[in-house]
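A short worksheet on the structure shown next.
Position 1 is the first residue of the sequence; numbering continues from there. This one's a predicted model, so the numbers in the text were calculated from it and none came from an experiment. Any value given below was found using the heavy atoms of this structure, including those in side chains, with hydrogens, waters and symmetry copies removed.
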Amino acid sequence: MSTLYIRLPSKAAADSAPHVIDLSCHFALAADNGVIEREGVSMLSHLVDPITQAQRVVLLLAASDVNLLHVKVPPMSAARLKAALPNLIEDQLISDPAECVIVAGPASEGLRTVAVVNRVWLDLLLKVLLELGARQVAAVPAQLCLPYEPGKVTAAVGELNDDIDVTIRFSEEEGMGLAIVPDQHDTIVHDVVQTLGSVVPEAPVSLYVQASSVAAYQAELTDSALAERCTVFPDSWTHWASGAKGSSFNLMAGLGMAAGPGFNWNQWRWPLRIAAAVVIVNLLGLNVEWWRLKHEASSLRSGMIQTFKLTYPKEPVTANPVAQMRGKIAQAQHDAGQSAPDDFTALAAGFGEVWTNVLQGSKTPSIAALEYADRSLLVRLKTDGTAPTAQMKTALASHNLSLTEQKAGEWLIRSAK
């Protein structure tokens, strides 16, 4: 899962830009194994490709924009802690807690490190990144992304146009940021070294600067009070990415953004479109076929009604012209002396013939009664023998008759035509 890291300048520097999307920033695209695939400096509006390519975007907020406070907090649930935090840190803030995003880190010896950032600024960054195609956004304090060595202070100088940010990490959960405005461009190195010496008067310092500026800082440190306790290193995205990955803070959680991986709908965009197109085509095909069959059925019905009217012009057409025509044909055959397959005469004759052939010379029950109703012949047998039901069914089938045993000693004979 590739991750895009964006190291932002301070909010004060961003205020000078026409819009946040025009803000210049350092960025790096890292692969799953942490290898930096691409890095550089660009405006946010030009980072559409890496933003959409990355599974996750991590913002390294300028240290000067994030206050890290240490608060003594009694044991309580996460929900109660979230509700209590604004009151616990209110006396340490200049602004209204309602205007800030407040996120607490893990507890250590009864203390919690609380990160505080301006809500409007963070919300604006989130909206811009989502509009640019980010799938997931996290935000961490830049000062806690610097390498940490016990007993040492780590600092980094960020230069972007005329904006100079110094990020300092004092301990595992403590850091700060300083924005430096030099009188002249040639005094940048001098001003940074002087400021760093004032902020860190005693501890050893590991200073990370641009590779092209390492010699200049080493030369400046020669005549400085920091000369014996400050070591200069070329800055690299490797330690920034590693620190951001291991950070326990995600300030976007204060805006409701989940830190876990989200489902990538972009890669399913075309399959979903194709599936939708297939469904639409099939629905159209089904509707066309339904209309065709409906038209065919209507034509057949119209034809049958027309035939019936031509044959029986004086008869009103009912809802089922087919059954009406069959009834008329049967009636005509009856009037002409022809019996229907389900008339009493036909059923009785067929049954009698089969009865005689199957039961000839065997001890069989006698017939108690024959009843004709609903175009069926009901045969009741006496209980003076064994009824050969199976043989009768087979024999009757050859005469287009069916036998159904209603109960013991009762057969129902019907025409199979």
Side-chain angles (χ1 to χ4, degrees), residues 278-417:
V278 170
V279 170
I280 292 172
V281 169
N282 279 276
L283 288 175
L284 289 174
L286 288 174
N287 278 278
V288 170
E289 182 66 12
W290 181 82
W291 280 107
R292 188 188 67 80
L293 292 174
K294 183 179 179 182
H295 179 71
E296 184 178 343
S298 179
S299 299
L300 288 173
R301 180 177 176 81
S302 298
M304 289 187 292
I305 293 174
Q306 187 67 23
T307 302
F308 183 84
K309 285 182 176 181
L310 290 173
T311 308
Y312 304 100
K314 295 182 179 181
E315 291 288 333
V317 182
T318 63
N320 192 345
V322 176
Q324 192 175 6
M325 178 66 81
R326 286 175 179 170
K328 287 293 183 181
I329 293 173
Q331 183 65 38
Q333 290 175 343
H334 182 271
D335 293 343
Q338 299 180 17
S339 61
D342 53 3
D343 284 347
F344 172 75
T345 304
L347 292 175
F351 172 74
E353 183 180 351
V354 172
W355 176 269
T356 302
N357 294 333
V358 172
L359 306 181
Q360 186 175 9
S362 62
K363 185 179 180 179
T364 58
S366 305
I367 296 176
L370 291 176
E371 295 181 9
Y372 179 75
D374 296 331
R375 301 184 180 276
S376 301
L377 183 66
L378 180 63
V379 181
R380 289 191 174 90
L381 304 175
K382 294 181 180 179
T383 58
D384 56 352
T386 304
T389 305
Q391 294 92 324
M392 286 295 296
K393 283 184 178 181
T394 303
L396 287 170
S398 63
H399 288 70
N400 293 320
L401 296 174
S402 65
L403 184 151
T404 304
E405 190 172 15
Q406 299 288 88
K407 58 182 180 179
E410 281 192 8
W411 291 343
L412 190 64
I413 312 299
R414 292 191 179 95
S415 173
K417 291 184 179 180

### Query
What distance separates Leu381 CG from Trp355 CH2, expressed to the nearest 0.5 Å?
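Taking CG in Leu381 and CH2 in Trp355, the distance rounds to 5.0 Å.
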### Query
How many angstroms lie between CG in Leu412 and CG in Asp374, if you round to the nearest 0.5 Å?
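So the gap between those two atoms works out to 9.5 Å.
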Return a table of donor-acceptor pairs under 3.5 angstrom between the side chains of residues 390-403 and protein atoms on other chains or two or more places apart.
from: Thr394; atom 1: OG1; to: Ala390; atom 2: O; distance (Å): 3.2
from: Ser398; atom 1: OG; to: Ala395; atom 2: O; distance (Å): 2.6
from: His399; atom 1: ND1; to: Ala395; atom 2: O; distance (Å): 3.3

### Query
Does the side chain of Val379 come within less than 4.5 Å of Phe351's, by heavy atoms?
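The answer is yes, as the side chains (C-beta and beyond) meet within the 4.5 Å cut-off.
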Show me the donor-acceptor pairs, under 3.5 Å and distance only, between side chains in residues 278-300 and residues at least two apart or in other chains.
from: Asn282; atom 1: ND2; to: Val278; atom 2: O; distance (Å): 2.7
from: Asn287; atom 1: ND2; to: Leu283; atom 2: O; distance (Å): 2.6
from: Glu289; atom 1: OE1; to: Arg292; atom 2: NE; distance (Å): 3.3
from: Glu289; atom 1: OE2; to: Arg292; atom 2: NH2; distance (Å): 2.6
from: Arg292; atom 1: NH1; to: Glu296; atom 2: OE1; distance (Å): 3.3
from: Ser299; atom 1: OG; to: His295; atom 2: O; distance (Å): 2.9

### Query
What residues form a side-chain hydrogen bond (donor to acceptor under 3.5 Å, both in side chains) with Glu371, not counting sequence neighbours?
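Expected list: Arg380.
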### Message
Could you go through Trp411 and Leu378, starting from their C-alpha distance and side-chain angles, then the distance that decides it, and tell me whether this counts as side chain to side chain contact (heavy atoms under 4.5 Å, CB included)?
### Response
CA-CA 6 Å; Trp411 291 343; Leu378 180 63; over 6 Å; no
